[in-house]
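Below: one structure, written as structure tokens.
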Protein chains: 2
Amino acid sequence: MKENGKVTIYDISKKLNISAATVSRALNNNPKISKKTRDLVFAAAKEMNYKQNRLAQALKSGKSKNVGIIVPYINRNFFSSIIRGIEEELGPHGYHVIICQTHEQMETEVEQINTLLNTQVDGIFMSISKSTTKTDHFKKVLDEGKSLIFFDRKLDVPGVSSVVIDDFKAGYLATEHLISQGCKNIAHFAGDLNLEIYKNRYEGYIKALKDHGFQPNPDYVVTTLSSVESGAAAVSKIWELNEKPDAIFSASDYTALGAIQELKRIGIRIPEDFCISGFSNEPFTKYMEMPITSVDQTPLRMGKIAAQVFLEQVDSPQKLTIEKKVVLAPELMVRNSSDRSLHKLAIH
Amino acid sequence: MKENGKVTIYDISKKLNISAATVSRALNNNPKISKKTRDLVFAAAKEMNYKQNRLAQALKSGKSKNVGIIVPYINRNFFSSIIRGIEEELGPHGYHVIICQTHEQMETEVEQINTLLNTQVDGIFMSISKSTTKTDHFKKVLDEGKSLIFFDRKLDVPGVSSVVIDDFKAGYLATEHLISQGCKNIAHFAGDLNLEIYKNRYEGYIKALKDHGFQPNPDYVVTTLSSVESGAAAVSKIWELNEKPDAIFSASDYTALGAIQELKRIGIRIPEDFCISGFSNEPFTKYMEMPITSVDQTPLRMGKIAAQVFLEQVDSPQKLTIEKKVVLAPELMVRNSSDRSLHKLAIH
DNA sequence: TATTTCGCTGTAATCGATTGCACTAAAATA
DNA sequence: TATTTTAGTGCAATCGATTACAGCGAAATA
């Protein structure tokens, strides 16, 4: 009960007339300490309102029991859900999570990694920024003997584990679903193709078309930003084509929404005349009056699995040689924006 | 460049044949160190890839440059936006944010506070859980000389600062707006009235009614959970009344959405026959085909201001005596679900 | 020339907890 | 009774950085 509320093992040791070493051992339930002493120490610790100083422990042990999580923006549903998953899996193991944002800047990403390393985190989880091209800063993490785990957006770096969904398959499934609904001219609203995830979605789309005997049409592929406005603009663009599409597989729910709004505005009926699938299963997709078909990326699960990979690695002595790549299955949530079966029933 | 990549000031001091103290001073730009030595040290530090150990600094200085943020759930738009605001304001000052969840359990909240204190955070930001009734754990934080700042959901605890929006005013504004649209029988879908925020919204609602000559009707107040289902159920409930309401001020966007869905299902026209306002300005409210009127809580701003309050306190020596209470103005976002002016124009 | 001042650097303690090694007294064994 | 074992503790170094205090050589002053 000192002024600043800082009670240390030395305070306890003085009070009980024993050494600080004994207090430390007693608190850690070291079997070499007699039950009598241990009980005394615990009683005194409680009475004096002793709190262990995790900083001191961390300095001594070299393990801070903190991990860093780096994402472009915290307040995106996808990322905050992953963070939640990691926190919930790691919390019970005594870890705290430190959150950083990159704002999609590689420069900031490098900086964040450096400060996290300075803080002695035991590992780093991250989704790379859109502008990330170099990998030196990732290697630094490995050089320090800490594990690095990519989730969703990744780069191939030796020694770095990753947890992603199968974006290729997701693109394939969504496109195949649109085909199954009778769509013949399927457009794709792509994301930044420099990112692996968007490239894979695109390729899944292409493959599905080919597998079902459709010739991919480059005019049907529009690169968009993940925004409602961008989706509406992209619709205007493809609407200038002679042979207009009758479906869109969008790599983003926001562009899908913008597309739907624009299509309705120009009088297109969905899903009768036009089918749409988005991506990410953003909360709003299921709340719409016309719920939007989308691909669920199971972010909570993704976070939990990333955390499990981390835990395996910290416990293992040869952690750096293990490089675990987990690929999760995406789940297509079929909803009204692309589901003609409901509609047909209504017609009958 | 040792095995584990740990370079300390001692390594630099050995290499340059000077003392570690000099290295430390040089790195900290202590003016007592000659420029020559300083340059040598910086060069060596860079060459050896030296990284300061923030744990050691923290232990020595008593300042970890970490703050804790405790929220019920990370992946709620409102909370993740606040976290973002805090991170963006504190990051440039060298702070890291550690995130914890309570899952609305007071027990967990107490635990999280304890582990954060053990980790020697310099301050704690939090929104209390629904089940929080005691305040002992908050006092502990103050006893340790650290600042505690509530945002949104708070309790009155001496010495604890807070940043909230004026929920009373928000409730008043929303209700008054509904009145201005010609609604005569306005219901309220309330949240957990044990929480100050929901109580204030309710009271703002009551006051607005009275101020405009309406007699509050207890039958029109339904306590709901913040979910779509709960909103639909609440509509069913008020629809059993003889005199049915013609508007709802809902303390949650989710219940507002559920209400809209249910009202549409039973054939009520919105906003012609019925007006609705939600609360929180969840992202989906503006994306709906019938965008939902809602109260914006400006979470980003709230987070930034909370961070500013913290910064003022850590810099001030008598921080514990200052107890700052910031009340932000809410912003009513009027949208189609309650805006009859648009509708009238259409009729003309 | 003798003394004071100043600029720069080193010594050692400190933050709080942990742990290898040494030590003592009591118990077990010869 | 003499000796070994064992249980229980203490001493002191350590993790890495900071900082009060002391010290030393060179320049400035008397």
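Chain naming here is simple, since letters A, B, ... match the order of the sequence lines and numbering starts at 1 in each.
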Between N or O atoms, less than 3.5 Å apart, protein on one side and nucleotides 7-9 of chain C on the other: list the pairs.
unit_1 : atom_1 : unit_2 : atom_2 : d
C/dT9  : OP1    : B/S34  : OG     : 3.4
C/dT9  : OP1    : B/T37  : OG1    : 2.5
C/dT9  : OP2    : B/S34  : N      : 3.2
C/dT9  : OP2    : B/S34  : OG     : 3.4
C/dT9  : OP2    : B/T37  : OG1    : 3.3

Respond yes when some side-chain nitrogen or oxygen of A/S61 is under 4.0 Å from OP1 or OP2 of C/dT18, and no when none is.
no
Would you indicate whether the side-chain heavy atoms of B/E111 and B/Q105 approach each other to under 4.5 Å?
no
Find the distance A/N30:CG to C/dA17:P and express it as a whole number of Å.
16 Å
First of B/K60 and B/A20 reached from the 5' end of DNA chain C, by closest nucleotide:
B/A20
In whole Å, I'd like the distance from the CG atom of A/N29 to the C1' atom of D/dG8.
16 Å
Using side-chain heavy atoms (C-beta onward) and a distance below 4.5 Å, is B/Y73 in contact with A/E87?
no
Give the nucleotide from the list C/dA17, D/dG16, D/dT18 with an atom nearest to the side chain of B/Q57.
D/dT18
Heavy atoms, side chains only, cut-off 4.5 Å: are A/H96 and A/R54 in contact?
yes
Measure from CG on A/N28 to C1' on D/dG8 and round the result to the nearest Å.
16 Å
Counting only side-chain heavy atoms from C-beta out, which of C/dC15, D/dA17, C/dA17 sits nearest to B/I9?
D/dA17
May I have the distance from B/K6 (atom NZ) to D/dC15 (atom P), rounded to whole angstrom?
13 Å
For the side chain of A/S131 and the backbone of A/M106, is there at least one donor-acceptor N/O pair under 3.5 Å apart?
yes
Starting at CG of B/D11 and ending at C1' of D/dA17, how long is that distance when rounded to a whole Å?
13 Å
Tell me: CD of A/E144 to P of D/dG16, nearest whole Å?
12 Å
Mapping A/A56 and A/A21 onto DNA chain D by nearest heavy atom, which one lands closer to the 5' end?
A/A21
Any salt bridge linking B/R153 with B/E104? Criterion: basic side-chain nitrogen under 4.0 Å from a carboxylate oxygen.
yes
Looking at A/Y10, does any N or O in its side chain come under 4.0 Å of the phosphate oxygens OP1/OP2 on C/dT14?
no
Separation of atom CG in B/L27 from atom C1' in D/dT18, rounded to whole Å:
12 Å
May I have the distance from B/L117 (atom CG) to C/dG16 (atom P), rounded to whole angstrom?
15 Å
Output yes when a side-chain donor or acceptor of B/N30 lies under 3.5 Å from a complementary backbone atom of B/K32, and no otherwise.
yes
Could you give the distance from CZ (B/R301) to CD (B/E89), rounded to the nearest 0.5 Å?
13.0 Å
